[in-house]
Structures are given as structure tokens and as C-alpha cells.
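Letters A, B, ... are given to chains in the order of the sequence lines, protein chains preceding strands, and every chain is numbered from 1.
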Amino acid sequence: MSSETRNDAAVQIDGVSKSFSGTVALEPIWLKIRRGEFLTLLGPSGCGKTTLLNLIAGFLEADEGELFIDRELVTQVPPHQREIGIVFQNYALFPHMTVAQNVAYGLRTRRVSKAETAERVAEALALVKLQDFADRRPRQLSGGQQQRVALARALVIRPRVLLLDEPFSALDRNLRTAMQVELREIQTRLGLTTVFVTHDQNEALSMSDRIAVMSQGRVRQIGAPDDIYDRPANLFVSTFVGDANLFDATLQGVQGGAAELIVGGAPLPVETYQEDLPEPGPVTLFVRPEQCRLTGAEEQGAVPAIVALSVYQGSYAELHLDCAAARGGRIMLRVPAAKALPAGIPVGIALPRTGPAIYAVEDADKEVA
Amino acid sequence: MTKRPFLGWFASPSILIAFGIAASFLAIVQYSFRANIPGALDPGGFTLENFTTLWKAIYGDAFLNTVLLCLWTAVFTLLIGYPLAYAMVRARSVRLRSAILLISLTPLFLGEIVRTYSWMIVLGNRGFLNAALMQMGLIDRPIPFMFTMTGVVIALVHFTLPIVVVMLAAGLSHIDRNLERAATSLGAGRVRVFLTVTLPLSIPGIVAATSTAFAWTFSAFATPQMIGGGQVQTISTLVYQVGFASFNFPLAASLSLTGLLFTVAVLAIFNTGIRRLERIGGH
């Protein structure tokens, strides 16, 4: 079993860590990236995701631990021998070369014959739909086109792993979505193991096979996008990925698989996915906005709140509510735009019986700003 | 529209300087077309004689010497300055960076005369360099550095180095590090990364630094005068000789003017050549 999973790993990170002049950038980390998998490293800036990417690429040397690519130990292998393709945030196209020369660069270093180089460059440019741009200079291309060139240049060497360092952050929204779809299609078609670094949770949720959520140099949770979104392992993940409503609650005990809570003065039995619940006493209840239901102010068991602000978003409206039972006094709900309410209207919030998570209050003090 | 209320006040000193330069330049142009009256400081009537005099071999040699001197100085300054600038931009340790900056810039603060005197001490037949070489048994008798082209070039390289290092460093620091990383990830070793990415992208810096070095050396006077000791004649030493030993101001003026036009011409040729090279290198 263990040898089988080892064979399956395209990249294996065994206890790799990194500090910069005394400051820990990455705590020792263990991670297996499966062959053909699209793995996203998601986290706020300074969480260590870029450090991890640079360690895999070989631009940084690990303080300790070992790194395997295709079961080969590469901890000491210099970056130019690692057979890795990288797309940089600013694309890093060589400005003094044409598009074709940029793409051919990795083949020339490998002493591939002229005929084969020409063939593979044409193939790579066709893959990113830039056949007609071979003789242009990078500065003559749009941002999206430059990105495709960067991708073609990384793919043409048939890398063992593709590393993407926030490649979409410089594109405007429509183009970004189109490029995301296109990249994912190409990646799936080629079955290419990919490590993608981003701080954008939407990007991570929509593109990844698995997401590793990082903060302060540690991986806080790793799992499929729906695992991360529906079953966050801790309060950091809950609040970093997606929107979160947090309530001050009291945990009275656990009965028959349901946690007995008091929220806003009303009893609420909750079935959670969590295996470990905090000690009975004051706790923090985490609920996604779409799990909350807006009701009348007098409804039995509903948490009372008052509309503070309604923000029109086109297909829906965001209702920001003042709620005494909420942590920080504010929660947010989405309703169809037609059902938006003006400020000052008292409402009720019906909380779900299944789905929410319960965290210790100390976690909330530590992880929620 | 943005108002810049103090612009006029701030610009006024530069106008004063521009006026001074223009006036002296006009005076030199005017002098160069006037006849020389031996024994008198005031020039005579208008004539083209000064410029026909310049066709003599002694002046031609000075022009040739000057160009050779500038060329050799530029080449050696570049060869020494590039690694220095590269190390300065890329060194990880802040201390190493400031050390390189300090070492390459201090000559700038010493003044040409002091530096030239130091070089005379180092380059003399019993100087530091010859003594050291003889002690090591590398040579039997001193190599003559003083009053030779070699000696003047050595001192001029030192004179020009600070400006070249600073200009090259400015150029190198503008190269995106990710370009080198990208090349590395595509399988290029250090030498290849340097030759195919760093070097081609630093060409604008090299061009700027070389042209400046050229002009810088062209106008050097104390170094060729003192180390050359009259044996290495350049345009600037000749201007001094004609003007202040023979008191032939009109001829000195025409020599200066021709020298200036000559520099402009050489730099123009140089720049066209480089631009061609850049275009070829790009493809």
C-alpha cells in the first residue's frame, strides 16, 4: 500500500523546510502530489506558498528534508537539470527574442535537432493557438497572448512537473476566466502534473483537483475543493476560503450525534461533520451565507437581526445584517436581487441543522482579524 | 493641469550655466577663425589658416593617439567594470555590495591630479609595480610604464572605471531576475544564461557606459600630460602646449573645436555600429 502510493507521487516532499535569516518561511512539510494532478497552493501573501514553489523549482535550497520528482531524489539537483516547466507571474518572456525563439529556448539547451525543434515549436504554438504569431516580439503581444507564449515555452520541453506562479493575476477578469478554462483543458489533455500558486480562492476552487490551504508556513488543510469549502478543517480555512458567518454560541453537550447549542438565546441542535468538538462552554459557530435562511423577525428559533445595508450585485443582492449574536456584530446573506430589503427592517435568520462547524473561541480570537 | 510654481526659480541656475557655456563656446569658435599674431595675445583678422595647419603630421598623430587611447581604455574598463558591476548588483550580502560600490567610487573623489601622482609612484621604473614583478622574478629589468601608451592606458582605466561601473550596474539592475530563472528552468546552465539572456539584455548599458567612457577619456588632460610626459601626445595635451607654451590661442581654439567635432563623429559612428549589432543580435 505505502509503496504503491509512493509510486503514484509525481512530486514527493518529505519534511522540507526553509528559513530566511532566522525567520521561518516554511515549517517542515510533507506532501505528495499525484501524477497528472492539478494541485493548488492557496494562502495569503507570506504564507510560504511561493517559497514552496521555489524549493520545488530548485531556486531555493531546503534547510532540511528531501524532495523527489518522479521518485528521483532531486534535493541537490540544480534547477536547470530538474526538467520542470515554470510560468511566472510576469511571464518573463525574453524580450530580445521572437515568440518562436522564446519557445525554442528549452529545446536549444537540450540540443534538439533543428528539424525537430521547428516541429515541436509549431506544435506548442498550435496548442496555445498562436501559430500566426511565431515571428512577433513579446512586447507586440497582449497580456493573454504573452501568457500563452509563456505556457507554450514551459510545455514544449515536456516537463515532469508544471509550476504556475500566480499566472492570472495580471489579466482582466473576462480574459482570466477564459485562460483558466483553456489552461485546465490543456493540462487535462496532456495529463500534466501541475502545481499552481494563488491567493485567489475562487481560482483555487474552480481549477484544482486538490487544494493545499497554507498560512504562516504550514499546510492547514489539503483536500478536494468541495472538502475545503464544505468541510473546512479549522477556522482559518473556513474564513479564508469562501464567505463565513460566525456566531457566538454556547455548547451544552453532545446527544445522539447532535451538538446541543444555544445561539441568540434559542436552542439549536446541530449535526456537524467534525470529529473533534471543543469542550462544552462558549464556542464559535461557523455557517456559510447560503446555509442561512432569511425569515420573518418573529419566527420561532430564528436569530434576530436588522438590515444594515443592501448591496446590489446584479443577479443577487448582499444583505449585510446587524446581529447581536454574531461575532463582530455583522453577518452577510445573499438573496435574489428582487427580494432585497431596505436598511432598518428587522428580520430573522434560520440556521441550518446540518453543515455548520463548531470551533473553540480561542481559535476565533487567534485566526479571525 | 498641474501648476509648477517654483519651476522658473529652480531652472534659473541652469540657464545661467547654459549661458556661460554658450558664451565660451562662441568665443572658441570665433578665435579659431582668427589669425595669430606672434608676440601678441590679441588675435588678428579672419582666416582659415588654423585649420589648414592642422593637416600636419604632428596633429594627425595626436588625433590617432587620442582615439587609440580612448579605445583601449574603453575596452579594458569594460572588461574590468562589467564583472564588478555584475557582482555589485547580484551580491546577496549588503556588505559586499557596499564594499564594491565604495572601492569603485572612491577614485572619483580623489581628483585627477592626486590619482595621477599615485600612478606615477606605482608605475615608475623603481615603482611598486616593477619592484613587485622583479621581486617575484617575473622580469629581469623594469618594464617602462612611464611616458608610454601602456602606462597612460593603465591610469586612464582607473580614472574611467567608476563611471563605467555605475552605468553598467544601473543597466544590469533593470534586468528582471525572473528572465534568468526562466532560462534556468528551461535547462540553461549559468554560462548559457549569462551569454543568451543577461549579456544581450545589458547591451544598452554597455553602449551607454562605453560612449561615456570614450568621451570621459577624450577630455582627460592631467593623466596623459603627467604620465605621458610629452611622449604620448593627445588632443588635450596638444591644445595645452599650443595655447600655453606657444601662446597661439587661435590654433589652440581650432584644435579644440576640431577635437570636439571629432569626438561627436567617433561616437556617432560607434553608436550606429552598435545599433546594427543590436538588431542582428536580436534576430
Side-chain angles (χ1 to χ4, degrees), chain A residues 20-21 50 53-54 56-60 77-98 100-112 124 135 137-139 146 149-167, chain B residues 82 85-86 89-99 167-168 170-210 271-283:
Chain A
F20 294 110
S21 52
T50 303
L53 193 84
N54 282 332
I56 298 173
F59 297 140
L60 293 175
V77 174
H80 69 279
Q81 289 166 3
R82 288 198 181 184
E83 308 279 326
I84 282 177
I86 305 179
V87 176
F88 292 89
Q89 188 171 4
N90 61 356
Y91 318 135
L93 298 177
F94 306 125
H96 56 303
M97 299 183 196
T98 63
Q101 285 168 335
N102 264 282
V103 178
Y105 192 91
L107 298 175
R108 282 170 60 191
T109 63
R110 285 168 175 75
R111 300 182 197 289
V112 173
D135 295 325
R137 295 285 170 130
R139 64 171 173 276
Q146 289 186 27
V149 177
L151 185 62
R153 184 177 69 176
L155 291 177
V156 78
I157 61 170
R158 293 168 191 160
R160 299 191 285 189
V161 183
L162 179 64
L163 305 180
L164 306 166
D165 185 9
E166 308 224 10
Chain B
Y82 196 96
Y86 190 81
V89 172
R90 288 299 149 81
R92 282 200 194 139
S93 125
V94 181
R95 273 197 202 150
L96 182 59
R97 268 197 305 241
S98 6
M167 292 189 77
L168 285 176
L172 281 168
S173 62
H174 280 115
I175 298 175
D176 179 7
R177 291 300 299 272
N178 274 351
L179 291 174
E180 289 166 327
R181 288 182 157 185
T184 306
S185 77
L186 292 166
R190 282 181 184 206
V191 176
R192 195 182 191 112
V193 170
F194 178 77
L195 290 178
T196 57
V197 177
T198 318
L199 190 60
L201 291 177
S202 59
I203 284 179
I206 294 176
V207 172
T210 314
N271 276 337
T272 349
I274 287 290
R275 221 163 283 152
R276 285 240 177 95
L277 199 75
E278 241 177 308
R279 224 173 294 153
I280 295 164
H283 270 283

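Tyr105(A) approaches Val197(B) most closely through the heavy-atom pair OH-CG2, 3.9 Å. Heavy-atom minimum distance, His80(A) versus Ala188(B): CB-O, 3.2 Å. Residue Arg181(B) comes nearest to Phe88(A) through the heavy atom pair CB-CZ, 3.7 Å, listed as atom of the first residue, atom of the second, then distance. Of all non-hydrogen atoms in Arg192(B) and Arg108(A), the two that sit nearest each other are NH2-O, 3.5 Å. Closest approach of Leu93(A) to Leu179(B), counting heavy atoms only: O-CD2, 3.2 Å. Pairing each heavy atom of His96(A) with each of Pro200(B), the nearest pair is CD2-CB, 3.6 Å.
Of the listed residues (Gln81(A), Arg153(A), Arg82(A)), the one with the most heavy-atom contacts under 4.5 Å to chain B is Arg153(A). For the options Pro78(A), Pro159(A), Pro95(A), heavy-atom pairs under 4.5 Å to chain B are most numerous at Pro95(A).
Under the 3.5 Å distance criterion, the side-chain polar atoms of Ser185(B) are left unmatched by any main-chain donor or acceptor of Pro79(A).
Of the atoms belonging to Leu201(B), it is side-chain heavy atoms, and not backbone ones, that fall under 4.5 Å from chain A. With a 4.5 angstrom heavy-atom cutoff, Arg110(A) touches chain B only via side-chain atoms.
For the atom pair CD1 (Ile84(A)) and OG1 (Thr184(B)), the distance works out to 12.0 Å, reported to the nearest 0.5 Å. Taking CZ of Phe59(A) as the start and CG of Asn178(B) as the end, the distance is 8.0 Å to the nearest 0.5 Å.
Residues Leu186(B) and Phe94(A) meet the side-chain proximity criterion, which asks for heavy atoms closer than 4.5 Å.
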